[in-house]
Each structure stands twice: as C-alpha cells, then as structure tokens.
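Every number for a ligand or one of its atoms is a count from 1 in the order of the listing. All heavy atoms count here, side chains included; hydrogens, waters and symmetry mates do not.
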Amino acid sequence: MTDTLVFYSGPDPFDDWQDALRPHLGGDVRIEEASHVTDSASVRFALVWNPPAGFFDRFPNLKLVINLGAGVDRLVARDDLPDVAITRLSDPEMGRMMAGYVLFAVLRHARDIPHYEAAQARREWAYRHPRAMEDITVAILGLGELGAMAALEVARQGCDTHGWATRPRDLEGVTVHSGEEALRPLLSRADIVVSMLPLTPRTRRLLDADAFAAMKPGASFVNASRGEVVDEDALVDALRSGRLSGATLDVFESEPLAPDHPLWTLPGVLITPHLASTALPRSAAPQIARNIRAVQSGGKPVNEVSRTRGY
Ligand code: NDP
C-alpha cells in the first residue's frame with residue numbers, strides 16, 4: 001500500500017521539498033501538494049507550515065504532523081490539531097544559520113556598530129576603544145536546538161556567556177541558569193540579552209516593562225525567536241528612555257512590521273524581516289524521512305514536540 005505525504009506551505013516551494021525528499025523516501029511514499037491530493041485516505045504524513053483551519057479534517061488516517069520550521073507555536077495553539085505525533089524541523093544547518101545571525105547581532109552590539117553607523121551619517125571619525133570580549137556579558141534566553149548553537153558560537157568569541165532554560169544542562173563555555181527565579185538576576189548582569197525562547201503561554205510577553213527595567217542601563221537586546229515573547233510597547237519605551245542602548249530585531253508582535261511603527265526609526269535599532277534562519281530542504285530532508293520511516297514501522301519519531309509544554 002502506498003502512503004501519502006501531504007505538503008502545505010505558503011512561503012516554501014513544493015518542488016524544492018519534493019526534490020529534496022524523494023531520494024530519502026521509499027517508493028511506498030507518494031508526495032503530494034495539499035491542493036492535488038488524489039486519495040485523502042492514504043495521507044498518513046503531513047509536512048506543513050501554517051495550514052488553513054480545518055486542513056487536518058480532510059485526512060482521517062494521519063499518523064504524523066511535521067512542522068515545516070522550528071517554531072511550533074502556531075501549530076500547537078490550533079484547536080483542530082489531530083491527536084497524532086508532532087515533530088518539528090531539527091536540522092543542524094538551520095541551527096548554524098541561526099547561530100550566525102545571533103553572532104552577527106551580538107557582535108554588532110559588542111563592537112558598538114550602531115555608534116559607528118550614527119557617526120558615519122554625520123561624517124564623523126568617532127573612535128571608541130573596543131571592549132575586551134571577556135568583559136562583555138551575554139545572556140541567551142532559551143537553550144534549545146537553535147539557542148544552544150547560538151550560545152556556543154557566542155562563547156567561542158570569548159564573551160562571558162550565560163544561558164537560561166527551564167532545566168539545568170551542560171554547555172561548554174556557557175554558564176547555564178535555570179528556573180524563573182534565575183531570570184531577573186541574569187538580566188541585571190548582562191550587557192547583551194538575546195531571546196531564543198519559543199512562544200508558549202509561559203513565555204508570552206515575558207520580557208515586559210519590569211524585565212527591561214531589570215536590565216543593565218545601556219544594555220542591548222536581540223530578538224531572533226518570536227515577537228510575542230516581548231511586550232513591544234515596553235521595548236519601545238526602554239529604547240526611547242535610553243535604558244536600552246540598541247536592539248537587533250528579527251521578529252515582531254505583528255509581521256510585517258507596520259510602516260509607521262516607532263521601532264523603524266529608533267536609534268541603534270536594526271530591523272530584519274524574520275529571516276534569522278529558514279527551513280532548508282536538502283539538509284532537513286533526511287531527518288523528515290527518518291521520522292516517516294520510524295512511524296511507518298510502528299515506532300516513534302525523534303524530536304517529538306510536547307503539546308503541554310508548547311515546544
Ligand atoms: P527549542 O524548542 O529546541 O528549545 C526551547 C528552549 O527554550 C529550551 O532550552 C527551553 O528550556 C527554553 N524554554 C522554554 N520555555 C522556557 C521558560 N518558560 N523558561 C525558561 N526557558 C524556557 O527551541 P529552538 O532553540 O530550536 O528555537 C527557539 C525558537 O526560535 C523557536 O521556538 C522559534 O520560535 C524561533 N525561530 C525563529 C526563527 C527566525 O527566523 N527568526 C527561525 C526558527 C526558529 P529546556 O531546555 O529546559 O526545555
């Protein structure tokens with residue numbers, strides 16, 4: 001019997017994913033776009049990014065939902081999700097891409113680049129002696145698959161690197177803090193705070209006015225995870241008041257960021273349009289195929305998402 005893997009994504013091209021997956025899947029798995037499914041009953045696997053409401057109702061024999069990305073917040077928040085295993089992309093290349101973005105953002109602040117950009121606009125040679133990397137404390141909030149790679153990359157630069165997660169863990173060169181009570185003390189000592197937290201009921205607006213007030217005066221903020229982890233009005237206030245000296249932001253409460261949003265023009269702020277890391281078909285395909293084979297043979301997929309935790 002042939003199983004079908006149904007594909008749905010607004011931004012990701014079907015042909016690229018089909019070409020990448022084909023060599024890794026057996027002849028007993030057909031790959032079809034959601035709009036061209038020939039036999040709904042044969043659909044056992046879904047590779048999806050934000051499918052429309054009611055999408056899953058069409059496929060009564062689904063066994064596995066694969067989120068076409070690392071962030072599962074929108075998927076697990078749905079009320080029409082079938083009771084089947086959920087996995088996410090878990091791809092080292094995606095991690096490397098994210099680590100590269102975070103490293104760029106951390107260096108931007110560690111090396112005072114916003115100061116030089118402003119000086120250049122004034123045609124001013126505004127030398128500031130670079131700080132020693134070991135004197136710069138960086139706090140990475142969230143040490144998951146992408147967050148941990150980012151933290152290791154920052155630690156390799158010699159920064160005093162700290163991480164925060166729910167559970168303690170070992171990460172070379174990174175001092176790991178865990179639990180809610182550890183957050184404020186960590187925020188108060190960091191020169192650069194980076195959010196790599198998934199969006200869950202517990203992290204929504206975790207970085208609010210109180211959190212920004214707890215940060216070191218003049219600290220910088222980087223958000224490469226989800227905009228809703230931050231109270232954006234509080235972030236704007238913290239930047240306006242000078243409490244924060246700058247920010248590098250890839251994600252926002254509402255995307256695309258509205259043209260009249262104050263973040264566009266605040267000094268020291270760099271906006272990028274949600275591109276810190278993307279799903280890469282060729283490097284993600286082997287992991288997706290492994291999980292499909294595991295489920296086909298009655299086993300469990302790896303990197304299963306916990307619906308109760310929300311990540
Ligand atoms: P994971 O799901 O692998 O890990 C999440 C991490 O956050 C874990 O370390 C977890 O702790 C920690 N965490 C979760 N909740 C809390 C909490 N309440 N308090 C403290 N720590 C918490 O995430 P990834 O690293 O793979 O990815 C992070 C996020 O990046 C994704 O959820 C997604 O939203 C975003 N993303 C953004 C992209 C972009 O282009 N901007 C691209 C891809 C992803 P513990 O280890 O103890 O479980």
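Every atom of ligand 1 with a heavy atom of A70 under 4.0 Å away is listed here by number and element: 43 (C), 44 (C). Remark: ligand 1 atoms within the under-4.0 Å shell around heavy atoms of A276 are 39 (C), 40 (O), 41 (N).
Checked by distance only, ligand 1 and T200 stay at 3.5 Å or farther apart across all their nitrogen or oxygen atoms. Geometrically, ligand 1 and G142 share no nitrogen or oxygen pair separated by less than 3.5 Å. Here's the thing with G71: none of its N/O atoms is less than 3.5 angstrom from an N/O atom of ligand 1. At under 3.5 Å, a nitrogen or oxygen of T166, whether backbone or side chain, sits near a nitrogen or oxygen of ligand 1.
Taking all atoms of both residues into account, the shortest heavy-atom contact from P82 to R307 is O-NH2, 2.7 Å. When all heavy atoms of R167 and Y311 are compared, the pair lying nearest together is NH2-OH, 4.4 Å. Nearest heavy atom pair, residue G54 against residue D80, reads N-OD2, 2.7 Å. The shortest non-hydrogen separation linking A70 to R88 is CB-NH2, 3.3 Å.
At the shortest separation from atom 18 (N) of ligand 1 among protein heavy atoms lies T203 CG2, 3.7 Å. In terms of protein heavy-atom proximity, atom 5 (C) of ligand 1 is nearest to P198 CD, 3.5 Å. At the top of the distance list for atom 37 (C) of ligand 1, counting protein heavy atoms only, stands A224 O, 3.2 Å. Protein heavy atom at the shortest distance from atom 4 (O) of ligand 1 is G144 CA, 3.0 Å. Counting only heavy atoms of the protein, atom 36 (N) of ligand 1 lies nearest to R226 NH1, 3.8 Å. Scanning the protein for heavy atoms near atom 28 (C) of ligand 1, the closest one is M196 O, 3.3 Å. Protein heavy atom closest to atom 27 (O) of ligand 1, with residue, atom name and distance, is L146 CD1, 3.7 Å. For atom 23 (O) of ligand 1, the nearest protein heavy atom (residue, atom name, distance) is R88 NH1, 3.7 Å.
At a heavy-atom distance under 4.0 Å, no atom of E180 approaches ligand 1.
Side-chain atoms of M94 and L89, non-hydrogen and from C-beta on, do get closer than 4.5 Å to each other.
The closest approach between R169 and ligand 1 stays at or above 4.0 Å for every heavy atom of the residue. Heavy-atom separations between V251 and ligand 1 include at least one value shorter than 4.0 Å.
Using a 4.5 Å cut-off between side-chain heavy atoms of Ile, Leu, Val, Met, Phe, Trp and Tyr, with links allowed through other members, F7 and L25 fall into the same hydrophobic cluster.
Considering only non-hydrogen atoms, atom 13 (N) of ligand 1 lies nearest to L197 out of L197, L171, D250, D73.
Dense packing is recorded around CZ of R58, with more than 12 heavy atoms of other residues, nucleotides or ligands lying under 6.0 Å away.
Contact check on R30 versus E32 returns a salt bridge, with a Lys/Arg side-chain nitrogen under 4.0 Å from an Asp/Glu carboxylate oxygen.
Under the side chain to side chain donor-acceptor pair (under 3.5 Å) test applied with R44, the options D3, T2, T4 reduce to a single match, D3.
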**Q.** Full working for side-chain hydrogen bond (donor to acceptor under 3.5 Å, both in side chains) between T248 and H109
**A.** CA-CA 9 Å; T248 300; H109 297 290; 2.8 Å; yes

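A tilted orientation is assigned to the rings of H129 and Y127, their planes being inclined by 30° to 60°.
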